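Here the structure is a predicted model, which is why all the values come from computation and not from measurement.
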Amino acid sequence: MKGKLVIVNDIMQHDFTYVRSEEEGCNFRSDFCPELSPAEMLALGVFGGRYMTDCINEFPASWFAGAKLCHERHVPELNYFGINASLPLSVWREKNWIHPDDPRGWFQWYCRYFSGRRCEDDARQIDRWKAMKRHLAQVKINCAAGDLSCRIKQRQALMNWAYDSRKI
């Protein structure tokens, strides 16, 4: 779908537009190799099921077919590891981690990137994704291979950033 214009109308953005210039899931920057797609992440219950529940029309319906969602509130039990590993959006705003084009943060950026959008914020967001490797290293150093009960908060945080921490 090269050059597809997307018009967003949801709770946080009205008449926001962007262009998908790449095919879905293709042509990522060479140093950006996420292990989980947005659909896989949603099926694993990232962000307590609350993330982007009003954005379903922006993305393929297949992404939400097996998603664990809760429209009313964040439910940590929906996360794969059953624990809250997210900071509130207010903290993300305080830390200036939010780009105006993606007011929901990294996962919104990733969903749009995965779906084919490329934008000025790509380099910053990919650098933030790469910085999560410190958590990957901590799990590898401190946990026996395959012990999914070890460092579950870090494992869930890694899932929230498209790392498949079940493989560690």
Side-chain angles (χ1 to χ4, degrees), residues 10-12 24-25 28-56 58-99 101-115 117 121-168:
D10 60 35
I11 291 172
M12 296 184 80
E24 180 181 313
F28 287 12
R29 205 171 86 178
S30 62
D31 60 339
F32 183 53
C33 305
E35 298 171 335
L36 297 168
S37 70
E40 290 170 318
M41 293 171 70
L42 290 165
L44 290 168
V46 293
F47 306 104
R50 181 68 177 109
Y51 207 94
M52 294 176 28
T53 56
D54 65 317
C55 303
I56 292 172
E58 183 180 344
F59 303 104
S62 61
W63 288 16
F64 297 93
K68 294 180 181 178
L69 299 174
C70 182
H71 295 276
E72 294 81 36
R73 60 187 170 79
H74 180 276
V75 181
E77 294 80 17
L78 289 178
N79 289 332
Y80 183 84
F81 290 98
I83 190 167
N84 183 9
S86 304
L87 294 171
L89 188 56
S90 59
V91 172
W92 286 62
R93 288 177 178 144
E94 268 177 32
K95 304 254 184 204
N96 265 343
W97 292 338
I98 302 289
H99 188 278
D101 287 354
D102 301 311
R104 298 165 195 265
W106 186 86
F107 186 58
Q108 184 176 42
W109 168 85
Y110 176 50
C111 288
R112 290 173 172 173
Y113 187 91
F114 192 95
S115 70
R117 181 189 75 175
D121 199 34
D122 293 350
R124 182 183 74 93
Q125 294 289 17
I126 291 169
D127 285 347
R128 294 180 69 231
W129 170 82
K130 290 188 324 190
M132 288 300 291
K133 288 182 181 177
R134 70 185 185 277
H135 294 287
L136 189 65
Q138 289 298 311
V139 172
K140 286 179 179 179
I141 290 167
N142 293 293
C143 301
D147 181 1
L148 297 183
S149 66
C150 180
R151 292 192 173 244
I152 59 173
K153 191 167 188 173
Q154 281 184 306
R155 286 178 181 274
Q156 185 65 51
L158 285 162
M159 276 191 172
N160 292 351
W161 286 81
Y163 288 94
D164 193 347
S165 61
R166 299 169 298 175
K167 294 180 180 179
I168 304 169

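Annotation for Leu44 and Arg166: closest pair CD2-NH1, 3.6 Å, computed over non-hydrogen atoms. Scanning both residues, Phe47 and Asn79, for their nearest heavy atoms gives N-OD1, 3.2 Å. Contact record, Cys111 with Pro38: SG-CB, 3.8 Å, taken as the closest heavy-atom pair.
Every residue two or more places apart in sequence or in another chain that forms a side-chain hydrogen bond (donor to acceptor under 3.5 Å, both in side chains) with Asp122 is listed here: Trp109. Partners of Gln108 according to the side-chain hydrogen bond (donor to acceptor under 3.5 Å, both in side chains) rule, which considers only residues two or more places apart in sequence or in another chain, do not exist here. For the side-chain hydrogen bond (donor to acceptor under 3.5 Å, both in side chains) test, no residue two or more places apart in sequence or in another chain qualifies with Trp161. Residues forming a side-chain contact (heavy atoms from CB on, under 4.5 Å) with Glu40 (at least two apart in sequence, or on another chain): Leu36, Ser37. The side-chain contact (heavy atoms from CB on, under 4.5 Å) check on Glu35 picks up Tyr163, Asp164, with sequence neighbours excluded. Residues that satisfy the salt bridge (charged side-chain N to carboxylate O under 4.0 Å, His left out) test with Arg124, not counting sequence neighbours, are Asp121. Every residue was checked against the disulfide bond (SG atoms under 2.5 Å apart) condition with Cys55, not counting sequence neighbours, and none meets it. With sequence neighbours left out, Cys33 forms a disulfide bond (SG atoms under 2.5 Å apart) with no residue at all. Every residue two or more places apart in sequence or in another chain that forms a side-chain contact (heavy atoms from CB on, under 4.5 Å) with Arg29 is listed here: Asp31, Phe32, Tyr113, Ala123, Ile126, Asp127, Lys130. With sequence neighbours excluded, no residue forms a side-chain hydrogen bond (donor to acceptor under 3.5 Å, both in side chains) with Arg93. Applying the side-chain contact (heavy atoms from CB on, under 4.5 Å) criterion to Asn96, with sequence neighbours excluded, gives no partner residue.
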Review point. Can Glu77 and Asn84 be said to form a side chain to side chain contact (heavy atoms under 4.5 Å, CB included), step by step?
Key: CA-CA 8 Å; Glu77 294 80 17; Asn84 183 9; over 6 Å; no
Practice item. Dump the intermediate steps for ring-ring contact (aromatic ring centres under 6.0 Å, His included) on Phe114 and Phe59, then the final yes or no. Key: CA-CA 10 Å; Phe114 192 95; Phe59 303 104; 9.8 Å; no
Point to revise | Residue pair Ile168, Leu148: steps toward the side chain to side chain contact (heavy atoms under 4.5 Å, CB included) verdict | key: CA-CA 8 Å; Ile168 304 169; Leu148 297 183; over 6 Å; no
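Under the 4.5 Å side-chain criterion, counting only non-hydrogen atoms from C-beta, Tyr110 is not in contact with Gln125. Counting only heavy atoms from C-beta outward, the side chains of Trp97 and Leu87 approach each other to under 4.5 Å. Between Arg104 and Trp92 the shortest side-chain heavy-atom distance does not fall below 4.5 Å. Looking at Gln156 and Ile152, their side chains never come closer than 4.5 Å, going by heavy atoms from C-beta outward. Side-chain contact between Trp63 and Ser115 is present, with heavy atoms from C-beta onward closer than 4.5 Å. Looking at Ser165 and Val139, their side chains never come closer than 4.5 Å, going by heavy atoms from C-beta outward. In this structure, the side chains of Phe107 and Asn160 stay at 4.5 Å or more apart for every pair of heavy atoms.
Applying the salt bridge (Lys or Arg N to Asp or Glu O under 4.0 Å) test to pairs two or more places apart or on separate chains, none has a residue in residues 147-156.
Atom CE of Met132 sits about 4.0 Å away from atom NE2 of His135, to the nearest 0.5 Å. Note that CG of Leu158 and CZ of Arg134 are 9.5 Å apart. Values are rounded to the nearest 0.5 Å. The distance from atom CG of Leu136 to atom CD1 of Ile141, rounded to the nearest 0.5 Å, is 10.0 Å.
Not a single donor-acceptor pair under 3.5 Å links the side chain of Asp10 to the backbone N or O of Asp54.
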